[in-house]
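Each remark here refers to the structure printed beneath this line.
Convention: sequence-line order gives letters A, B, ...; per-chain numbering from 1. Just so it is clear, the values below take in all heavy atoms, side chains as well, and ignore hydrogens, waters and symmetry mates.
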There are 2 protein chains.
Amino acid sequence: MITIKEVSELAQVSQATVSRALNGHSTVKEINKIKVFEAIEKLGYKPNAFAQALASSRSNSIGMLVGSLEGPFYGPLMHNAEDIVRKKNMHLIVTSGQESKEKETDSIRFLQSKQVDGLIIHSDMLSDDELIKIAKNTPATVILNRYVPELSNQCICIDNELGGYLATKHLLESGHIKVACITGQLSKIDSRDRLQGYRNALTEYGIQYDASLIAEGRFDHDGNHEKVRRLLDRDNGITAIFCQNDNIALAAYDVCSERELTIGKDISIVGFDNDTYSQHIRPRLTTVNFPVLEMGVEAANCVLSLVHKEEYSVNNKLAPELIDRDSVKKFN
Amino acid sequence: MITIKEVSELAQVSQATVSRALNGHSTVKEINKIKVFEAIEKLGYKPNAFAQALASSRSNSIGMLVGSLEGPFYGPLMHNAEDIVRKKNMHLIVTSGQESKEKETDSIRFLQSKQVDGLIIHSDMLSDDELIKIAKNTPATVILNRYVPELSNQCICIDNELGGYLATKHLLESGHIKVACITGQLSKIDSRDRLQGYRNALTEYGIQYDASLIAEGRFDHDGNHEKVRRLLDRDNGITAIFCQNDNIALAAYDVCSERELTIGKDISIVGFDNDTYSQHIRPRLTTVNFPVLEMGVEAANCVLSLVHKEEYSVNNKLAPELIDRDSVKKFN
DNA sequence: GAACTTAACGAAAGCGCTTGCAGTGTCTTA
DNA sequence: TAAGACACTGCAAGCGCTTTCGTTAAGTTC
């Protein structure tokens, strides 16, 4: 391994000067800079990131915890965050929590032991208190999709209530009256907020909330088919379903096809998230866009501003919007 | 920051003993171990990964370069690789090359400067020679989806030729004779191999290869619709299309719907990759499964065995298989 | 030309850890 | 009981870098 020592010897300056030339923290004579960079070039020198980090206690990297390294949600999130971080000449280290509290904790440990300068956290399992503790250790911490009052300007969420409202309103506007709603796990605040949005829209249109039109599903793939079947079996004149995410909508698609119900004609469906596949399934799914791109960008910008202690006004409640495609029948 | 020094003082042993207790490289008296771990617990000590890495020149982490942090291919790849790596108490650091040679090089640099113990590389832009050079620097390097003869037991590919053969054979077996093929970029070896598989199947069934049935598309989203339209416009009695990936198949779906051709009846389509959405589109797409899961697992196992210098017989040509769904009409 | 400022640099300490080496003390073995 | 073997431990060097501090040389001011 080529070290700074060899560079300094070849360039006939001290190690300190090489370091300074490299980092630009202090002034170095032009002639020496040239000598240094020539030597670096000639030797193919690459600074040892560990030694740098150890000596400076800065790691030039941002840690990110996501639920999973795969999937239509986390993918773009990581992608966009990395983009921004890279542009600032820093690096993003991503780990996944894989829906286990232990792994989430372990991942945060790992990232902190790597002395990340900042942290972007999308956690399912960690409690607010634990997040607060983490943010105390790593002040430049940004929390995604969770609102922790104590960390109010470090949280970036989307307005789930608005999203639920938009989806429902779209159905109502299209002339539907019996609008069902399949929620995610009601243990999750996202589900409850989206449901509240649904209720708000109903109220606005003067329609009574009817609990028999509600079913609790799951945001992941498990068991939604059965929920949809049972909902339809209730046979209470449903003409439209607001599925609280696109996964659930997918299950609804499958069940409708089982029952030979033509989506967009016999029944209408609205999803939530605007996952990549929502535009590939037929009929193309009308859904609420989850601004995951913006979230990635915002998270990265926010964490970088915290790291560099710059002023930055976070946009911490991102607005979803309706993507009107082909899965909703319009009566008017 | 709590350091090993403080732990050693509280436990009333030397730093060396703390280190040894922690790493188990050497024997430490039981009573001292207990004292050490009690002290660690009490102080909430976390070893500084940089100092560890610097001192030991081992980083306990594997670097991974992928094309993008998102998408149905790289997602599961990362996911499964991380799983395995974690189980060995190491960590995976993922960076993306984003289809730019510069970024790929930069990412590898970054990973190497982080002293990763091993490297898993899925590169689009780097030349074989460059890969060889990288593998020289980091001996525990595994190359994905590329066969570099000099690194033969560090390459993990799938058998694209077999895949192309299986797709075509399925169509032929189902009674189709005029089978078109839309390839990916022919600059990519994958495309050429899949095409060769197509030809092999034709030969086996005694059918003459007809260049007018071939069109060159792209593995990504760009411009495939137009290619499909032009192919159909040639009006040469095509009853089936082998699309060299699911993306292309998606474009074919769109064009067929434009032209009111019912897939699985008027025309048959086989894809390649078995992307997540292929089972959600209607009719469900018959496609060739790309064993991405196995690839992730195999890559991780391989790189770990290289890191620990253990014997491991790589399965470096993974077998794709046909997933028979609803997009192919069967004449028999 | 003395006194001061400033630019540029080198020496060296130190970041927190691992590890080779040299003990020390205990246990076997003949 | 001497001597070798062994288990355990501490000392201290050193990993490759950053950064403080002091020094030198050059420039500035009156």
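Residue pairs that meet the salt bridge (charged side-chain N to carboxylate O under 4.0 Å, His left out) test with at least one member in residues 63-81 of chain A, sequence neighbours left out, do not exist here. Counting only residues at least two apart or in different chains, salt bridge (charged side-chain N to carboxylate O under 4.0 Å, His left out) contacts with residues 139-156 of chain A comprise A:D128-A:R146.
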Side-chain donor-acceptor pairs under 3.5 Å in residues 34-48 of chain A, sequence neighbours left out?
| residue | atom | partner | partner atom | Å |
| --- | --- | --- | --- | --- |
| A:K46 | NZ | B:Q112 | OE1 | 3.1 |
| A:N48 | OD1 | A:F50 | N | 2.7 |
| A:N48 | OD1 | A:A51 | N | 3.0 |

Donor-acceptor pairs are to be reported for all side-chain atoms of residues 292-301 of chain B against protein atoms at under 3.5 Å, with residues two or more places apart or in another chain.
| residue | atom | partner | partner atom | Å |
| --- | --- | --- | --- | --- |
| B:E298 | OE2 | B:Y312 | OH | 3.1 |
| B:E298 | OE2 | B:N315 | N | 2.9 |
| B:N301 | ND2 | B:V297 | O | 3.4 |

>> What does the B/S/- profile of nucleotides 16-22 of chain D look like, 5' to 3', with a 4.0 Å heavy-atom cutoff to protein?
In response: BBSBB--

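Taking atom CD of residue B:Q12 and atom P of nucleotide D:dC8, one finds them 20 Å apart after rounding to whole Å.
Between B:T27 and D:dA7 there is no side-chain N or O to OP1 or OP2 distance below 4.0 Å.
Residues satisfying the salt bridge (charged side-chain N to carboxylate O under 4.0 Å, His left out) test with A:K5, not counting sequence neighbours, are A:E9.
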